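First comes the structure, then the notes that go with it.
First listed ligand is number 1; within each ligand, the first listed atom is number 1. This chain uses plain numbering: 1 for the first residue, then up along the sequence. Since we're looking at a predicted model, the values are computed, not measured.
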Amino acid sequence: MATQKKDYYEVLGVARDAGADEIKKAYRRLAMKNHPDRNPGDSAAESRFKEASEAYEVLSDPAKRRNYDQYGHEGVKSSFGPGGFDFRRDFTHASDLQDILGSIFGESGGGIFEEFFGGGHRRSRTDGGARRGADMRFDLEIDFEEAVFGSEREITLPMNKDCETCSGSGVKPGSRPETCKHCGGSGAVVSSSGFFQVRQACPVCSGQGSIIRNPCRDCKGNGRVRTRTRLTLRIPEGVNTGSRLRLAGKGEPGSRGGPNGDLFVITHVRPHPVFKRQDEDLLCEQPVPLDVATLGGEIQVPTVKGYAKLKVPAGTESGKVFRIRGKGIRDPYQKIVGDMHVRVHVEIPSKLSSKQKKILRELRESLTMDNYPRAQTFEKQSEKFYDRKAKMGH
Ligand SMILES: [Zn+2]
Ligand SMILES: [Zn+2]
């Protein structure tokens with residue numbers, strides 16, 4: 001614990017402003033390279049693997065990443081507990097990882113990957129008994145308004161559940177499975193290298209511990225069948241893209257009396273034409289009439305809490321940002337309320353009548369360079385350039 005912790009961005013080799021995709025890609029690359037199953041006995045690779053996983057755990061979660069950016073390791077320490085990184089508790093449990101690594105290590109609810117992290121906590125199917133259902137991830141696209149005010153959504157999820165005919169055993173009713181001789185029924189073969197043990201699924205019975213001679217017809221010996229579950233999701237007020245909702249016990253049904261897995265819903269908010277969101281703050285790009293920007297005045301600004309009035313001082317330039325405190329979004333986790341930012345853009349009037357054009361020409365007559373200090377400065381600086389150019393003989 002005394003050793004200095006490395007910066008998470010450095011660990012993944014990404015810039016501090018790296019996007020979610022980039023972070024995911026970097027993590028995936030490191031995880032593939034240093035995975036213990038690929039580097040048996042290499043404790044340096046193992047610690048690199050754990051380091052990368054820890055960094056990814058924080059940087060892939062917008063709230064944790066924000067804390068980390070602000071407070072460093074201190075800001076995210078609590079979630080790792082006194083013993084360091086607790087994978088089983090802290091990671092979006094396997095689902096996220098399997099998502100990422102599934103293609104490398106094969107699709108499975110209890111493959112090598114999970115077994116590595118699950119250690120002895122998780123019983124394999126061969127115990128003949130209960131097995132927890134897999135955690136599931138569901139990506140939900142919602143509108144900006146739903147994210148701001150919260151909403152309810154009905155979703156349908158495909159899941160696997162125990163086959164009713166064989167109660168999940170995969171064996172034709174009336175017959176029995178034979179114990180696998182290769183692994184003695186344990187379903188796993190263990191090889192150890194150094195202090196590190198690698199459990200692998202038995203190649204003969206594919207980790208089942210037994211061989212089924214008479215498979216159940218309804219599930220073809222799988223023990224599991226596809227089903228669809230419908231449920232109502234309550235989306236809390238203030239969620240953002242990347243927000244993670246955990247619905248305990250709403251994941252894949254457990255097998256043979258085991259508990260259900262959890263369901264993780266990741267929200268993705270569709271962009272809105274008026275409001276752009278950054279964390280709890282909102283930004284809108286608002287056109288302001290030329291006369292208001294020049295003479296000063298008051299404009300109406302949209303906020304999620306209704307229209308607000310904003311004083312625009314005389315001589316306001318395009319690009320100026322005004323802040324309205326407390327009119328942003330309420331963060332569902334930290335209960336912070338953000339601000340509303342309004343960036344004004346001076347709108348040049350169009351479709352002028354001949355009378356309006358006449359007035360504008362009169363105005364032009366009366367204006368001098370003194371009315372345009374910025375243009376004046378610009379001109380002076382350009383002239384200087386040509387002066388020097390001439391002096392240099394060009
Ligand atoms: Zn069956
Ligand atoms: Zn076996």
Next on the checklist: Under a plain distance cut-off of 3.5 Å, with no hydrogens placed, do Y68 and D7 share a side-chain donor-acceptor pair?
Outcome noted: yes
Next on the checklist: Can a side-chain donor-acceptor contact be found between R224 and N160 if the only test is distance below 3.5 angstrom?
Outcome noted: no
Next on the checklist: Angle at the Zn ion (ligand 1), SG of C216 to SG of C219, rounded to 10 degrees, please.
Outcome noted: 100°
Item to check | same_hphob_cluster(F144, V342) at 4.5 Å side-chain heavy-atom cutoff | outcome: yes
Next on the checklist: To 10 degrees, how wide is the angle SG (C183) to the Zn ion (ligand 2) to SG (C205)?
Outcome noted: 110°
Next on the checklist: Run the ring pair (Phe, Tyr, Trp, His ring centres under 6.0 Å) test on F138 and F264 for me, step by step, so that the C-alpha distance in whole Å, both residues' side-chain angles and the decisive distance to 0.1 Å come before the verdict.
Outcome noted: CA-CA 6 Å; F138 186 78; F264 292 91; over 10 Å; no
Next on the checklist: I'd like to know: is the Zn ion (ligand 2) within the 2.8 Å range of an N/O/S atom from H182, strictly under that distance?
Outcome noted: no
